[in-house]
Amino acid sequence: MSDSYQKPEVGENQKQFRERPPKKIEVSVVIPLYNEEQSLMPLSLAIRDALDRMRSAYEVIFVDDGSTDNSLKVLREIHRKNRRYKFISFRRNYGKSAALSVGFRQAVGKIVVTMDADLQDDPNEIPRLIEKLETGYDLVNGWKKKRHDPISKTIPSKLFNFTTSLLTGIKLRDFNSGLKAYKREVIQDMKVYGEMHRFLPVLAHWAGYKVTEIPVTHHPRKFGKTKFGISRFWHGLLDLVTVLFTTRYSKRPLHFFGVLGLVTFLAGFIIDLEIVIEKLVGQTAISNRPLFIVGVLFIIVGIQFVSIGLLGEMITRTRPEEEYVIKEKVFN
Ligand code: UDP
Ligand code: MG
């Protein structure tokens, strides 16, 4: 501390304290954005209207994912007017997952809410999400029951949600919704990278957290355009495989490959057995049965799958056990 520092008058300080007790931030709103200059100002006003009614101290963290328009300028302006609105700006575009991940690390609230910046998500839903969270959940997902998006997006999305729900065993109807509320500990040690933001409820569920969903209103995009093209579809499907592996099967790869391998092997075995029997009984030459080759192929592929599963098991055994999520630890 420098010498020129002047201690404030004690009385004055106390008075200030009484009038404005420092409030601990309870809710952090994290908003990833990429080129959304026109939406930011109306969005921040709408958030203020919605959250001021809630009476809990909050902060809003904008994460500018390398915008090339005037988004950063608008963010500076918003921050200048109201210090509750904070922002981080990437030098280049890293993707929504990266933006969320960095936002999560900065958030200090006991509850962390995420939403999109494009005015499609309604800030008035935030208090409802939090209310639901407080009835005993760790993650509340906003389900865009009535969506205002082009059909090129809603149909792949339906398929994606159906497949993800089926394969992960979680009954959600809108995994990829931007609007979600989390208890702090859920996101604390969650690794969000690549395009994993689509699977946050899955990761949370597999870590043992209670996940649920409520319907929320959704608006059509007013300004700008969507940042995800058709690539969202196959990226999503490939990521689903990754997620299944890192959650469901990471500790038991043989259960995945083994089942696949056994089914393939058996199919090949039965096909070929049939052909051999026909040869012995009916004297049909095997050289006239192209299906025989298919059977052989199935048998070989089946053995391959099982072997890959076994290799996976060996790798799993040599990996340190760091991926268990601990709820509580008493150790004295
Ligand atoms: N977004 C981002 N980085 C990106 C792409 C998108 O931060 O690389 C933000 C975007 O600005 C928006 C949110 O993620 O706030 C959702 O994007 P978008 O509205 O384009 O997705 P959609 O609603 O079409 O699924
Ligand atoms: Mg959108």
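In each ligand, atom 1 is the first atom listed, and ligand 1 is the first ligand listed.
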Determine whether any heavy atom of Gly178 lies closer than 4.0 Å to an atom of ligand 1.
-> no
Which atoms of ligand 1 sit under 4.0 Å from any heavy atom of Arg221?
-> 18 (P), 19 (O), 20 (O)
Does a side-chain N-to-carboxylate-O contact under 4.0 Å join Arg252 and Glu313?
-> no
Do you know which two heavy atoms are closest between Asp65 and Phe90, and how far apart they sit?
-> OD1-CD1, 3.3 Å
For ligand 1, which atoms, with element, lie under 4.0 Å from some heavy atom of Leu33?
-> 7 (O), 11 (O)
Counting from 1 in the order shown, the ligand 1 atoms closer than 4.0 Å to a non-hydrogen atom of Lys227 are 5 (C), 6 (C), 20 (O)
Report yes or no: do Glu125 and Thr217 form a side-chain donor-acceptor pair below 3.5 Å?
-> yes
Can you figure out which of Asp121, Asp149, Asp116 has its heavy atom closest to atom 16 (C) of ligand 1?
-> Asp116
Going by distance alone, is a donor N or O of one side chain under 3.5 Å from an acceptor N or O of the other, for Tyr34 and Asp64?
-> no
Proximal atoms of ligand 1 relative to Glu36 (non-hydrogen, under 4.0 Å) | 10 (C), 11 (O), 12 (C), 15 (O)
Residue Gln120, metal the Mg ion (ligand 2), N/O/S under 2.8 Å | yes
Backbone, side chain, both or neither: what part of Asn93 comes under 4.0 angstrom of ligand 1, heavy atoms only?
-> side chain
Are any of the side-chain nitrogens in Arg80 or Glu77 under 4.0 Å away from the carboxylate oxygens of its partner?
-> yes
Checking heavy atoms under 4.0 Å, the part of Asp65 that sits near ligand 1 is side chain
Side-chain H-bond candidate by donor/acceptor type, Asn35 with Ser71, under 3.5 Å = no
The protein heavy atom nearest to atom 19 (O) of ligand 1 is Asp118 OD2, 2.5 Å
Protein contact to atom 23 (O) of ligand 1 [nearest heavy atom, distance to 0.1 Å] | Gln120 OE1, 3.1 Å
Is a side-chain donor or acceptor of Thr284 paired with a backbone partner of Lys279 at a separation under 3.5 angstrom?
-> no
Is it true that Met115 lies under 4.0 Å from ligand 1, counting heavy atoms only?
-> no
Glu36/Arg221 ion pair, N-O < 4.0 Å = yes
Do the side-chain N and O atoms of Gln120 and Asp149 include a donor-acceptor pair separated by under 3.5 angstrom?
-> yes
Can you tell me if Asp116 has an N, O or S atom under 2.8 Å away from the Mg ion (ligand 2)?
-> no
